[in-house]
Amino acid sequence: MTTATPRSVDAPERDGLTELTHIKEQVLHGPDPAATEQQHAKGKLTARERIDLLLDPGSFHEVEPLRRHRATGFGLEHKRPYTDGVITGWGTVHGRTVFVYAHDFRIFGGALGEAHAAKIHKIMDMALSAGAPLVSLNDGAGARIQEGVTALAGYGGIFERNTRASGVIPQISVMLGPCAGGAAYSPALTDFVFMVRGTSQMFVTGPDVVQAVTGERITHDRLGGGDVHGGTSGVAHFVHDDEAGCLEDVRHLLSLLPANNRELPPRTPCDDPKDRSGEALLDVVPTDPGRSYDIRAVIEEIADHGEYVEVHAGWARNVVCALARLGGETVGVVANQPAVLAGVLDVHASEKAARFVQFCDAFNIPLVTLVDVPGFLPGVDQEHGGIIRHGAKLLYAYCNATVPRVSVVLRKAYGGAYIVMDSRSIGADLALAWPGNEIAVMGAEGAANVIFRREIQSAEDPEAVREQKIKEYRAQLMHPYYAAERGLVDDVIDPRRTREILVDALAMLREKHAELPSRKHGNPPQ
């Protein structure tokens, strides 16, 4: 038996390896150690440190680390660092492939130029081709002014790819620094936006421009900080206090989502019994329809181990949207929140819930709707703000959804808001109700005042007659079994068995297949 003689490495090849090692060290450490210190002094991590926190250890594969710009003028030809200010590649999160790009603020302030944009375009195309989620770690100063209009064209390519990937792969934007001007539109096109308080801001025009045009003085944080976008504008879905906690929650969110729209969400083994006691539900929801409570306590009782991820927790708080697991399966939960504005639907709540429903439908996530809604919020501001148009968004989203849909009326379900909250009449696969439900056109008090107005006004004791008519209306049209007797509710269930019934219902619906009419796309209300 003969053995092969090891091939010797000649001097030129050894020199080549030495040069490659030197270049790769430059790539990893960046062109200027002082820039790293400045990044840390601001309380921010470097792009590579962020990628290390996001991805499983040792799983990152970088793409085009040796890319350099070819621009000239304004001294650019003398400054050509490797990566050109953005790190791109793929790795794994909980063992599943995820693509990522991260702006490196140490290089050109993370500003986007032609080569920089080309790298992002390439990794976005790879993510779409591979059918895997895309995460962008944003920390950049906008377009690279020295490169002129070619930088702006680079943004156009990103926006086009964001749109093409919408509803095909999950797209997550993590804001870890400034994001101004046209750059802010890419995160707005993605499915979820994470922000970090104190270090990340988003705005189309900065404080200086605002002051020049309006005379108003405002800080970067007050104009476009995390709390502003998390609680006022609704641009940010999640707001965190630090980068490490933010990126850990991105990992957790990815664990709940499918890789693309052709897959079901990942299933996990569930050791939380589906038939565990739900005795607490009898105390959580008051029987008095006028008393408030926190709907999140209901979600905790029915979700596996009481765990869920609330989306847009600080914005439009009168509706709760959350991702949870039931029997190990990912579900989207939409629920009225009686603790805020009595759980009414208004402009923002309708918009928030509609987009969440659309996301769940796009990625094969079943929907569970918990209903306790007294109606749409009345008022001139709401009408002039387009409550008809925004309410129709939620209606359209539910009617268009083909994923398994189960709704549960916990207490009140009045008027058009009842219909909109995934009632049986707009296509819910199963409509359930608790024994204390009040499903009606409106509350008994309002209905009695309308129907028996003349009789009440002409009575010797109007108040006594009003109370009598309220009782009559409630007994005839608002008793808990009225809707069930007419087939508008599939069953009235024991609240304590809600979790068990939902798990079984979703298991039955797992293979649901529904076809929409052939069309290019619908025209949802805007």
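This structure is a prediction, so every number in the text was calculated from the model and none was measured. Scope of the values below: all heavy atoms of this structure, side chains included, with no hydrogens, waters or symmetry mates. In this chain, numbering begins with 1 at the start of the sequence shown.
- Here Asp372 pairs with Lys412 in a salt bridge; the nearest charged N to carboxylate O distance falls below 4.0 Å.
- Side-chain contact check for Arg106 and Thr36: at least one donor-acceptor pair (N or O, by modelled atom type) lies under 3.5 Å.
- Looking at Glu243 and Lys44, no side-chain N of the basic residue comes within less than 4.0 Å of a carboxylate O on the acidic one, giving no salt bridge.
- Residues in residues 342-367 take part in these ring pair (Phe, Tyr, Trp, His ring centres under 6.0 Å) pairs, two or more places apart or across chains: Phe192-Phe359, Trp315-His348, Phe359-Phe363.
- Ring-plane geometry between Phe99 and Trp90 is classed as tilted, the angle between the planes lying from 30 to 60 degrees on a 0 to 90 degree scale.
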What pairs of donor and acceptor atoms, side-chain ones from residues 381-392 against any protein atom, are under 3.5 angstrom apart with sequence neighbours left out?
from	atom 1	to	atom 2	distance (Å)
Gln382	OE1	Val347	N	3.0
Arg389	NH1	Gln526	O	2.4
His390	ND1	Lys393	NZ	3.3

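- Contact annotation: the side chain of Ser407 never approaches that of Met421 to less than 4.5 Å [non-hydrogen atoms, C-beta and beyond].
- Under the rule for a salt bridge (Lys or Arg N to Asp or Glu O under 4.0 Å), Arg325 has no partner lying at least two apart in sequence or in another chain.
- No side-chain donor-acceptor contact under 3.5 Å links Asp56 and His94.
- Each of Val357, Val331, Asp361 was evaluated against Val403; a single residue qualifies, Asp361, per the side-chain contact (heavy atoms from CB on, under 4.5 Å) test.
- In this structure, His312 has its ring center no closer than 6.0 Å to that of Phe238.
- Between the His61 side chain and the Gly91 main chain, no donor and acceptor come within less than 3.5 Å of each other.
- Using modelled atom types, one finds a donor on one side chain and an acceptor on the other under 3.5 Å when comparing Asn138 with Ser136.
- The side-chain tip of Arg405 does not point at the ring of Tyr398 from less than 6.0 angstrom away and within 45° of straight on.
- Under a 4.0 Å N-O distance rule, the pair Asp242/Arg197 does not qualify as a salt bridge.
- A salt bridge links Asp84 with Arg144: at least one charged nitrogen is closer than 4.0 Å to a carboxylate oxygen.
- Looking at Asp104 and Arg48, no side-chain N of the basic residue comes within less than 4.0 Å of a carboxylate O on the acidic one, giving no salt bridge.
- Under a 4.0 Å N-O distance rule, the pair Arg164/Glu160 qualifies as a salt bridge.
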